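Computed from heavy atoms alone, side chains included, the values below leave out hydrogens, waters and symmetry copies. Keep in mind the model is a prediction, meaning the values are calculated, not measured. Quick note on labels: first sequence line is chain A, next is B, and so on, each numbered from 1.
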Protein chains: 2
Amino acid sequence: MKAKYITIIDIARQLNISKSTVSRALTGHPNVKEHTRKAVMELAASMEYQRNSLALGFSKHNTNTIGIMVPEFMSTYFPSVIVGVQDVMQAAGYNVVICQQNESYESEVSNMKLLLSYRVDGIIVSHTKETRNFDHFTLAQRRGVPLVFFNRVPEDMNVPNVIVNDYEAAFQAVEHLILIGRKRIAHLAGPESLVNTRLRRQGYLDALKKHGIAYNPDLMLSYDLTTEKVKIYMKHFLELDTPPDALFAINDPTAIAAMEVVKAKGLRIPEDIAIVGFSNDFSAGLVHPGLTTVAQPTSEIGRMAAEMLLQEMRAKVKNDYTIKKAPTVQLPTRLIIRESTVSEEKTKKAVKSK
Amino acid sequence: MKAKYITIIDIARQLNISKSTVSRALTGHPNVKEHTRKAVMELAASMEYQRNSLALGFSKHNTNTIGIMVPEFMSTYFPSVIVGVQDVMQAAGYNVVICQQNESYESEVSNMKLLLSYRVDGIIVSHTKETRNFDHFTLAQRRGVPLVFFNRVPEDMNVPNVIVNDYEAAFQAVEHLILIGRKRIAHLAGPESLVNTRLRRQGYLDALKKHGIAYNPDLMLSYDLTTEKVKIYMKHFLELDTPPDALFAINDPTAIAAMEVVKAKGLRIPEDIAIVGFSNDFSAGLVHPGLTTVAQPTSEIGRMAAEMLLQEMRAKVKNDYTIKKAPTVQLPTRLIIRESTVSEEKTKKAVKSK
DNA sequence: TTTTTTTATGGGAACGGTCCCAATTCTTTG
DNA sequence: CAAAGAATTGGGACCGTTCCCATAAAAAAA
């Protein structure tokens with residue numbers, strides 16, 4: 001049952017030298033005779049020596065490993081961010097371990113403790129929908145483990161983060177709906193716990209205001225969990241006396257679920273109701289009609305978060321964000337117009353975005 | 001820069017007892033006076049003691065952690081398997097770390113070494129398209145670290161694995177095309193390195209044979225990398241003197257890319273050409289028309305692989321698969337018929353699968 | 001050749017836990 | 001009340017590495 005590994009002591013014994021010398025040879029320390037180094041390297045290779053990172057991290061007090069915690073990864077958003085993180089971290093000689101919370105606060109806390117117990121050197125985080133208590137994050141900070149957030153950033157914490165301008169992006173999306181002549185624009189918002197939800201909603205409200213459209217509370221609903229709820233809400237909208245002629249959805253899955261309800265009712269998209277989503281999931285380009293949505297530079301977000309974390313980890317003097325303002329980077333979004341807002345022939349005339 | 005953590009010695013010192021006692025209290029050893037245990041627990045909590053898993057794994061020679069290695073995770077297949085694995089492993093008290101290879105053999109080798117260097121207790125693997133050399137896997141076995149494969153299983157290795165019957169599933173899919181009257185059925189196969197490719201191709205060939213349709217080599221192409229290639233191949237098929245009236249694609253992304261080419265040509269699906277994919281990605285239900293495809297029980301695959309790994313890890317005497325036949329579990333697939341093979345009204349009459 | 005400097009190696013503490021064995025304290029029993 | 005047994009605690013080895021300090025060997029300088 002128990003695995004057996006070769007240790008540097010085994011190598012030392014065979015070559016009749018000390019383990020210190022073996023260690024030096026293996027880590028490329030300059031003070032080792034070429035002859036000795038070669039002998040060590042060869043024996044190590046032939047015995048398939050595999051360094052023990054536990055012992056190493058334990059003895060050196062850093063593990064050269066970072067963690068990334070994401071709330072879910074069934075959409076393409078998070079996987080794609082992770083790939084960006086891995087790129088940068090691999091190049092910098094770090095290992096990346098991925099934790100996935102299934103949108104569960106409890107998992108988040110336990111995964112955080114797991115990563116800390118493995119003494120990772122830093123953590124990149126996007127928190128779950130359920131997270132309202134941030135003690136597990138401040139714990140990491142108190143332990144001196146740098147944190148960088150992206151996408152979902154705890155509002156009251158002063159931490160380095162990478163975000164997009166949710167407000168502005170939502171504003172543009174809604175303005176686009178207004179400019180194509182829509183007046184009764186509904187909004188399916190996200191869970192109240194996320195800043196993103198509030199920012200996007202504000203963008204929605206302000207776009208309406210700018211164009212002199214009165215906000216109608218009947219046309220806004222908050223959506224917390226399942227696809228089922230979206231469908232119920234959407235059905236409700238469509239059965240209003242004066243139903244909406246457009247929908248701005250908090251994200252693409254919501255928009256797509258709403259589209260199904262609309263199509264099932266026999267209504268036309270975009271003629272009867274135009275729809276906009278958020279994030280440009282892979283599926284946004286696949287549905288029929290194609291979904292107009294806000295593209296986020298996912299891989300870039302990951303790369304940037306990784307760069308920021310490297311900065312934090314490399315700082316000789318740890319940044320104290322109880323005093324100093326934490327850096328924040330805002331990356332640009334891009335509104336991708338597809339057939340769910342502008343009917344086919346019109347789109348073809350415009351620059352076609354795929 | 002360096003993080004500082006509380007150790008059991010700090011606790012021992014404060015309470016003026018030995019670290020052995022603290023250790024016992026913390027791990028729930030029976031021989032500790034209730035009074036002492038309480039004092040330790042309280043102090044540990046108030047000091048936010050965080051056990052050092054490195055030291056622990058290092059000293060105990062097992063880490064209570066398993067690794068899972070997947071070739072990519074931009075499709076829904078692998079994430080969904082991972083969720084299944086996590087479910088079972090969490091319940092069994094194990095931690096799961098995820099490694100993603102971006103379909104790169106090199107990453108696979110280095111991630112394998114990473115996991116071994118962290119002395120994980122077991123590993124669940126699906127290898128990359130590029131993998132033709134399996135030394136890094138046998139290395140793990142020689143070290144006594146149990147491996148369980150799923151989906152992509154190295155052909156010449158005798159290892160526990162969880163698969164679906166690719167042959168049978170492909171056979172059924174192609175037979176379905178034949179039964180709806182198609183005669184010229186094209187096949188876009190996968191990379192030669194995967195067993196799955198070969199099995200699905202054999203299913204394709206045998207279904208044709210069973211129904212007396214001669215195999216036409218012009219209608220089969222192997223597809224190795226990009227979406228671009230699929231499009232080129234598909235265009236080529238459509239420009240043949242007698243183009244195919246159906247396509248069996250190795251997976252859903254391939255099928256979907258092919259659909260775009262067909263639609264761009266102004267041909268109708270399924271009237272002019274019927275299309276079947278494989279795996280039932282999330283997007284298969286979203287495209288227009290809906291893609292007929294073979295559903296795999298992804299989360300079940302993950303759960304089963306996890307169960308098998310637990311078995312292996314718990315075996316008092318390590319199973320030696322150089323002697324004994326490794327267990328294999330085959331889970332059932334299900335052909336999901338959508339509008340890409342059977343036009344809308346007909347589908348509605350049949351049991352509608354969503 | 002002898003001394004000094006440089007280079008290469010060995011020895012052993014340290015890292016934070018677990019766990020075995022010995023020592024101590026408390027109970028119980030004859 | 002002494003002796004035996006059980007419960008609790010302390011002491012210290014051990015796990016695999018790094019790294020500092022000391023020592024030995026080789027090279028350079030005197």
Side-chain angles (χ1 to χ4, degrees), chain A residues 2-41 43-44 47-65 113 116-121 143-144, chain B residues 2-41 43-44 47-65 113 116-121 143-144:
Chain A
K2 94 158 36 148
K4 67 166 189 311
Y5 287 87
I6 307 299
T7 74
I8 62 171
I9 298 184
D10 298 326
I11 297 179
R13 243 194 303 261
Q14 285 220 18
L15 292 176
N16 212 26
I17 56 179
S18 79
K19 62 181 176 151
S20 311
T21 305
V22 175
S23 167
R24 273 186 289 256
L26 252 20
T27 52
H29 189 96
N31 281 359
V32 179
K33 224 200 292 200
E34 190 46 38
H35 173 73
T36 316
R37 178 193 314 288
K38 218 178 133 209
V40 170
M41 293 309 240
L43 186 57
M47 294 177 86
E48 293 185 309
Y49 166 75
Q50 188 65 57
R51 69 113 81 69
N52 184 333
S53 295
L54 295 172
L56 197 161
F58 173 50
S59 127
K60 292 229 307 180
H61 282 282
N62 68 58
T63 51
N64 239 51
T65 300
K113 292 200 169 152
L116 291 180
S117 85
Y118 272 103
R119 303 294 189 261
V120 295
D121 296 340
R143 285 285 167 270
Chain B
K2 92 156 37 148
K4 69 166 186 308
Y5 287 87
I6 306 300
T7 74
I8 64 172
I9 299 183
D10 298 327
I11 297 178
R13 243 194 301 261
Q14 285 219 18
L15 292 175
N16 213 25
I17 56 180
S18 80
K19 64 178 179 156
S20 312
T21 306
V22 176
S23 168
R24 274 185 290 256
L26 252 20
T27 52
H29 190 95
N31 280 0
V32 179
K33 228 201 291 202
E34 190 47 38
H35 173 74
T36 317
R37 178 194 314 288
K38 220 179 132 209
V40 170
M41 292 309 240
L43 186 58
M47 294 176 85
E48 293 185 308
Y49 167 76
Q50 188 64 58
R51 71 111 83 69
N52 184 333
S53 295
L54 295 172
L56 198 160
F58 173 50
S59 121
K60 292 228 307 179
H61 281 283
N62 69 57
T63 51
N64 240 49
T65 300
K113 293 200 168 152
L116 291 180
S117 84
Y118 273 104
R119 301 296 189 260
V120 295
D121 296 341
R143 286 286 168 268

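Comparing A:Thr27 and B:Pro30 against DNA chain D, the residue whose closest nucleotide sits nearer the 5' end is B:Pro30. Residue whose closest nucleotide on DNA chain D sits further toward the 5' end, between B:Arg119 and B:Val32: B:Val32. The 5' end of DNA chain C is approached more closely, in terms of each residue's nearest nucleotide, by A:His29 than by the other of B:Leu26 and A:His29.
OP1 and OP2 of C:dC19 both lie 4.0 Å or more from every side-chain N or O belonging to B:Ser59. Between B:Tyr118 and D:dG16 there is no side-chain N or O to OP1 or OP2 distance below 4.0 Å. The phosphate of C:dG10 has OP1 or OP2 within less than 4.0 Å of a side-chain N or O from A:Thr21. Residue B:Ser23 places at least one side-chain N or O under 4.0 Å from the OP1 or OP2 atom of C:dT18.
Using a 4.0 Å heavy-atom distance criterion, A:Leu54 is classed as making no nucleic acid contact. B:Asn31 comes within 4.0 angstrom of a nucleotide base, judged by non-hydrogen atoms across all strands.
Nucleotide C:dC15 holds its P atom 8 Å from the CD1 atom of B:Ile9, rounded to whole Å. The CG atom of A:Asn16 sits 8 Å away from the P atom of C:dG10 (whole-angstrom rounding). With rounding to whole Å, A:Ile8 atom CD1 is found 13 Å from C:dG11 atom C1'. A straight line from CD1 of A:Ile17 to P of C:dG11 spans 12 Å, rounded to a whole angstrom. Across the protein-nucleic acid pair, A:Lys33 atom NZ and C:dA8 atom P stand 8 Å apart, rounded to whole Å. Rounded to a whole Å, the CD1 atom of A:Ile6 is 16 Å from the C1' atom of D:dT17. Computed from coordinates, the B:Asn62 CG to D:dG16 P distance equals 14 Å when rounded to whole Å. At whole-Å resolution of the value, OH in A:Tyr5 and P in D:dT17 are 12 Å apart.
Checked by distance alone, A:Ser18 brings no side-chain donor or acceptor within 3.5 Å of a matching partner on the base of C:dG11. Looking at A:Lys19, its side chain comes within 3.5 Å of the base of D:dT17 through a donor and an acceptor atom. Side-chain atoms of A:Arg24 and base atoms of C:dG10 include a donor and an acceptor less than 3.5 Å apart. Scanning atom types as modelled, one donor and one acceptor separated by under 3.5 angstrom connect the side chain of A:Ser20 and the base of C:dG12.
Taking all atoms of both residues into account, the shortest heavy-atom contact from A:Ser53 to B:Ser117 is OG-OG, 2.6 Å.
In this structure, the separation between CZ on A:Arg119 and CD on B:Gln50 is 6.5 Å, given to the nearest 0.5 Å. Rounding to the nearest 0.5 angstrom, the gap separating the CZ atom in A:Arg24 from the CZ atom in A:Arg37 is 11.0 Å. Atom CD1 in A:Ile11 sits 6.5 Å away from atom OH in A:Tyr49 (nearest 0.5 Å).
For A:Tyr49, the side-chain atoms get nearest to D:dT17 when compared with the rest of D:dG16, C:dT18, D:dT17.
Between A:Leu15 and A:Thr21 the shortest side-chain heavy-atom distance does not fall below 4.5 Å. Annotation: side chain of B:Leu26 is not in contact with side chain of B:Arg51 (no heavy-atom distance under 4.5 Å).
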